[in-house]
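Report on the following structure.
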Amino acid sequence: MILIIFVLTYLVKIVFLGSLLFHDDSNSYLNIAVSDSVILSLSFILFYLSFLLNVYLSRFVKGIVVALLLFYLLDFGLIYAFNTRLYFYDVHKFWRELDFSLFNVEIFIFVLLFFLLSFIFVFKSHYQIDNIKKRIVLFLFFFILGCRYNVDSSVRSPFFKNYLLVNINMTYNKAYTEGFQSSFRFVRTPLCFPEEPIKPKNIIIFVFESWSNYHSLFYGGNNNWTPELDMIANQNIAFRQFYSNGFSTESGLYALLTGAPVIPYKDKYGTNGALGLSSIKFDKSYPEILSELGYQTTFITSGDLSFLQKRDWLKLLHFQNIIGNESFDKEERRFPFSSVSDEVLYKKVYSLFENSSGHFVVVENVNTHQPFYYPEGDEIKRSEEFAFRYADRQLSGIVKKLSRDSDNMIVVMSDHRAMTPITPKEQSESGRLSVSRVPMFIVWNKKQAVIGNIFQQTDVLPGITNAIKGRQCYDPYQGAIFPISHPVSSRCVFHARGDERSKVSAMCDGQPFDIVLDGDDTRISGNQKDTLNSVGYINAIRIHSQNRH
């Protein structure tokens, strides 16, 4: 029965995922079928091999077959729900994130049935099967054939590869040698020019969970789920080519608050679930810099700050005030990560900073985090569309209130693109960077502009702090968003990928490419020339990450 479930899941995945990715790669069905046949063939080989072993080894081998199926189901589920793959380093994180309220009676029965069938499969005595050795040879042939098949045919290839290949080919944990590190040199030489200094009364940054271009008509999507924010963006300073530097909230916050992207190195990557944000090192803390410039710094979220040691990390960034879900009534904490609704969050934000000055505030919501819960009266419902419509009403409301004082600088930006399948329109417009492109706008001093320059999360706070200091600074790896009258684009954009951790997607001077993270041999994938030394920049970030704080 276990093998029947395996085969059925295999066929369902081919049909479902193949149809989903067919617009990106016409070989999608074949790619999935052949690549995943490696795992299926291996399972049959182990099953038939168990007939040739003693009872204890036989049970152990059949247990491996059950594990292969379990991970196969988990991987398929992650692709479907989160647009990412199963990385064994992430198992601890996903376990901690698990929302047990999602487990209804049907799911409980399915899990119970799966483990019951697994128990029977492992401990059932052998029954008669003919030609066992010939069967092993046959599936060994399919196994070898699948291993030799190359699925690197499109930007969606990370989803074609079976999860064993994804984990085996993971090279981002490969260390740099001491010789390479001692001889490595990389120097950034930013250009700086004097400008008229600015002094916003307050700087408030709203980090809007998972807000993506496909949610917004104004930002080029097919859905009109954030009409109020679209209107505000259109009437103020809208950035039409803005990119997130990572695939998770942690990486988005890190890029925003330190001015550098999170690039995984060895076991220091915060999203592996074992170490958390406080283990990710940094050179600069922009909350600390803004504190030196006279601002009282505050981070406020509706979620649980103990998750991934976020509170400890925020303390290292020198936020003077840190407010999490513990500041809200327990009865209000009804959403994922024990969070409160956006309405409750923004009421508290407004009550704290109404008619005050000299504040730098970062506000992080949770409602639009998958699985997209939202309140309707006394009920909690689930829908991506209506979660974003709800969040749109709540966030636009507080932005309008705070923008009554034109001296307030309000930044609204996404932390990362939603972990959902890429739409055909996104793929056609942004290619491999479609996983990175997100909305962003600024409300300040009644200025209105549509900015077509390329920017990323690492540009935001360096641009603001330099403008306060009365200068504009930029280099190939960091643009300057101020002055609004003549911003300077980021020449290189970097996005640490969640679907294929050993690659960083980049775009330099409009040319997209991937950088393979592989220790001393970190390199550009393909024939793209590294004219701006983007590999040197990535190596510098990763090498210094183990020694800086």
Please give me the minimum heavy-atom distance between Asn325 and Ser338, naming the atom from each residue.
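Smallest interatomic distance, heavy atoms only, reads ND2-O, 2.9 Å.
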Which heavy-atom pair separates Leu532 from Cys492 by the least distance, and what is that distance?
CD1-SG, 3.5 Å
Using the six-membered ring wherever Trp is involved, compare the ring planes of Tyr163 and Phe88 and label them parallel, tilted or perpendicular (cut-offs 30° and 60°).
perpendicular
Cation-pi geometry met for Lys425 and Tyr214 (6.0 Å, 45°)
no
Are Arg240 and Phe218 in a cation-pi contact, defined as NZ or CZ under 6.0 Å from the six-membered ring centre and within 45° of the axis?
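Here Arg240 passes the 6.0 Å and 45° test against Phe218.
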Determine, stepwise, if the pair Val362 / Leu257 fulfils side-chain contact (heavy atoms from CB on, under 4.5 Å).
CA-CA 9 Å; Val362 177; Leu257 299 174; 4.1 Å; yes
Decide yes or no on side-chain contact (heavy atoms from CB on, under 4.5 Å) for Ile515 and Thr522, but give the supporting numbers first.
CA-CA 7 Å; Ile515 297 173; Thr522 295; 3.8 Å; yes
Is it the case that the side chains of Thr297 and Gln320 hold a donor-acceptor pair, with the cut-off being a distance below 3.5 Å and no angle test?
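Per modelled atom types, Gln320 and Thr297 side chains form a pair under 3.5 Å.
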[X] bridged to [Y] by N-O distance under 4.0 Å:
X      : Y      : answer
Arg311 : Glu326 : yes
Asp342 : Arg393 : no
Lys310 : Glu364 : yes

With Phe441, the side chain to side chain contact (heavy atoms under 4.5 Å, CB included) member among Ile232, Asp230, Ile237
Ile232
Could you point out which residue of Asn365, Thr301, Thr249, Asn367 forms a side chain to side chain donor-acceptor pair (under 3.5 Å) with Glu209?
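One option only clears the test, and that one is Thr249.
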Any pair with a residue in residues 472-492 that passes salt bridge (charged side-chain N to carboxylate O under 4.0 Å, His left out), sequence neighbours left out, goes on the list, sorted by first then second residue, please.
Arg188-Asp475, Arg491-Asp509
Listed by chain and number, what are the salt bridge (charged side-chain N to carboxylate O under 4.0 Å, His left out) partners of Lys401, not counting sequence neighbours?
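In terms of salt bridge (charged side-chain N to carboxylate O under 4.0 Å, His left out), with neighbours along the sequence ignored, Lys401 is linked to no residue.
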Are [X] and [Y] close enough that their ring centres sit under 6.0 Å apart?
X      : Y      : value
His495 : Tyr243 : no
Phe206 : Tyr346 : yes
Phe388 : His215 : yes
Phe455 : Phe239 : yes
Phe299 : Phe319 : yes
Tyr477 : Phe186 : yes
Phe494 : Tyr537 : yes

With Asp518, which of Lys174, Arg501, Arg542 fulfils salt bridge (charged side-chain N to carboxylate O under 4.0 Å, His left out)?
Lys174
